[in-house]
Amino acid sequence: MLQASDWQAISLTLQLALVTTVVLLVLATPLAWWLAFTEKRWRSWVQALVAMPLVLPPTVLGFYLLITLGPHGFIGQTLEALGGRHLAFTFTGIVIGSVIYSLPFAVQPLTEAFRQMGRRPLQIAASLGASKLDALRTIALPMCRGGFVVAATLVFAHTLGEFGVILMIGGSIPGETQVLSVLIYDHTEALNYTAAHTLSLGMIAVSLMVLAIVYGRRRS
Amino acid sequence: MAARRLVYFLLFISSCAAHAREDIHVAVASSLRGPFTELVSSFAAQHPEYRVQVTYAATGKLVAQVQNGAPYHLLIAADPHYLATLYQRDLLATTPEIFAYGAIALWHPNRTGTPEQLLQEARHIGIAQPRHAPYGQAAVRYLEQQELLEDTQPRFIYAENAAQVVHRVYAGAVPMGFVALSQLHELGVNAADYSLLPSAPLLAHTTALTRKGATYAGAQALQAMLWQSEGQQLLARFGYQVTPKDGESSYVASE
């Protein structure tokens, strides 16, 4: 039913979603922490910047990423000058795109979780002589576990369904940037409706499952 | 520990994509999907050491991707001008060469009449975006010749490429559209459901190796198949006018 190229896209999509989730949790945690507790006046501007991918068309993000990461762009040229390769039409390129595109889905639930916990537990930990790292590991992480799970599942699911940014920056190169959503688009263009149906139904089932897990957790 | 098991499972699936064979990355005009799919499976049977990874899109889009550093080894275009531009910009390793000529057709399922009548009556007309799709450009030139462009243009439904026009007519989203004759052959469309447009220009289909594919034996072998009797017969079966190698490659130079 599914061909080798379909499995290749499924595997690539899962890799992309996994890498994006890990990278985003690492990047979003300190950012969300800062947003939750800072009293700086420009906090709202940083918050707005983080939320931008929610309202910007994916084409805008994809367009600027292609321009900066490609061989004529600032980052792409710098990489080439250092003996590397530019990042347009590469897996690394679509990871960068996905991280930016899903940033609000990681930062917002984490900020919320940190705020709900408040400063109090950490102050108590500090008064009992716990270092900052200790307090983070033994107090904050367990208390905000729900927030981390929600952030991770939302980022994972959102990356599975990503289309516009990836198509702009990655094209549709099998095995490198042709993820499921792009392959489904390709199948419809080829009038390959059976394959398009199979993959689409699979996506619907997985997305529904992931979201049900998130909402199930929220209630408990 | 369900989460850990899930991660292991995902890693397992991810590792299933073995990279044992060498990849040949090919960018192909979307209208060529039918014959090229067959060509690739025949190539794969003869050269099991390679894996052909094909990207189908409008020729103009593929060329824009190459200008932005897309890693293709071999390019196959539905038009001579785009590859000529790449060649002038020093992005190709070989001069673009013609391997076939493609014809445009008007697909009008369950409608009869001359193309001119049908176009005048149609509520919507599917057309590939002329800004980057050669078949869209050929359609515009045809309509200009027939002095129908001004009348029909407001009723255009633009698609990204010729394959998307086929998809929309096939799905019934537009009543008719300008497509490649090869696509109608691929679908086995009844001759009563489409009209050839003899006054429309033929599109010279060209191919070239990129700088990245210049010394890649796999890409060279795949490209050579386009001119071999098997490839040429295949293209002819899909309605292309074929041309022996070096037959008219001066066409590209004169453009």
Side-chain angles (χ1 to χ4, degrees), chain A residues 4-5 7-19 21-22 63 65-73 76-77 79-80 85-90 93 145 148-149 152-153 156 167-178 182-183 185-193 196 210 213, chain B residues 2-3 6-7 9-19 21 23-28 30-31 33-34 36-37 40-41 44 51-58 61-62 64-73 91 128 159-171 183 186-187 212:
Chain A
S5 57
W7 286 112
Q8 182 176 254
I10 291 172
S11 149
L12 191 72
T13 310
L14 291 175
Q15 286 178 48
L16 177 69
L18 266 183
V19 174
T21 309
V22 172
F63 176 54
L65 280 169
L66 184 61
I67 284 185
T68 43
L69 300 180
H72 315 300
Q77 261 178 355
L79 282 172
E80 303 247 302
R85 209 177 108 39
H86 69 87
L87 296 173
F89 309 103
T90 63
R145 202 169 141 218
F148 279 100
V149 172
T153 34
F156 191 84
L167 196 63
M168 291 279 293
I169 183 184
S172 173
I173 295 163
E176 187 77 29
T177 60
Q178 193 184 59
V182 175
L183 181 65
Y185 180 67
D186 198 60
H187 276 321
T188 61
E189 234 178 57
L191 305 183
N192 205 344
Y193 284 5
V210 170
I213 291 173
Chain B
L6 180 70
V7 170
F9 172 71
L10 294 177
L11 284 174
F12 168 73
I13 292 206
S14 307
S15 63
C16 284
H19 290 280
R21 291 170 296 169
D23 283 342
I24 306 173
H25 286 286
V26 196
V28 182
S30 67
S31 55
R33 193 189 288 257
F36 202 74
T37 308
V40 166
S41 55
R51 186 169 61 170
V52 184
Q53 306 273 31
V54 193
T55 301
Y56 295 101
K61 289 220 156 173
L62 295 169
Q65 288 185 356
V66 171
Q67 285 173 348
N68 281 297
Y72 301 119
H73 298 111
L91 288 163
E160 278 203 0
N161 53 51
Q164 218 176 67
V165 178
V166 170
H167 165 55
R168 289 188 180 161
V169 178
Y170 181 86
Q183 296 170 307
E186 183 187 347
L187 285 171
K212 196 173 173 223

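So that the names make sense, note that chain A is the first sequence line, chain B the second, and so on, each numbered from 1. Note that this is a predicted model, so its numbers are computed, not measured.
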Reported NE2-to-CG distance for the pair B:His167 and A:Asn192, which is rounded to 0.5 angstrom: 12.0 Å

For A:Ile173, which atoms come within 4.5 Å of any heavy atom of chain B: side chain, backbone, both, or neither? both

Counting heavy-atom pairs under 4.5 Å to chain A, which of B:Leu187, B:Thr37, B:Val166, B:Asn161 comes out on top? B:Asn161

Report yes if some heavy atom in the side chain of A:Pro174 is under 4.5 Å from a heavy atom in the side chain of B:Val54; otherwise report no. no

Does the side chain of B:Pro71 reach to within under 4.5 Å of the side chain of A:Glu176, using non-hydrogen atoms? no

Identify the heavy atoms of B:Asn68 and A:His72 that sit nearest to each other, and give their distance. OD1-CD2, 4.1 Å

Counting only heavy atoms not in A:Arg145, do more than 12 sit closer than 6.0 Å to its CZ atom? no

Looking at CD of B:Gln164 and CG of A:Leu191, how far apart are the two atoms once the value is rounded to the nearest 0.5 Å? 11.0 Å

Who wins among A:Gly170, A:Gly70, A:Ala190, A:Ala88 for the most heavy-atom pairs under 4.5 Å with chain B? A:Ala190

A:Phe89 and B:Gly69 have their tightest heavy-atom pair at CD1-C, 3.9 Å

Please look at B:Gln183 and chain A and tell me whether the side chain, the backbone, both or neither of the residue comes under 4.5 angstrom of a heavy atom of that chain. neither

Examine the side chains of A:Gln8 and B:Gln53 and answer whether a donor and an acceptor come within less than 3.5 Å of each other. yes

To check you understand the geometry: which heavy-atom pair defines the closest contact between B:Tyr56 and A:Asp186, and what is its length? O-OD1, 4.2 Å

When you measure from the side chain of B:Thr55 to the backbone N and O of A:Ser172, does any donor-acceptor pair fall under 3.5 Å? yes

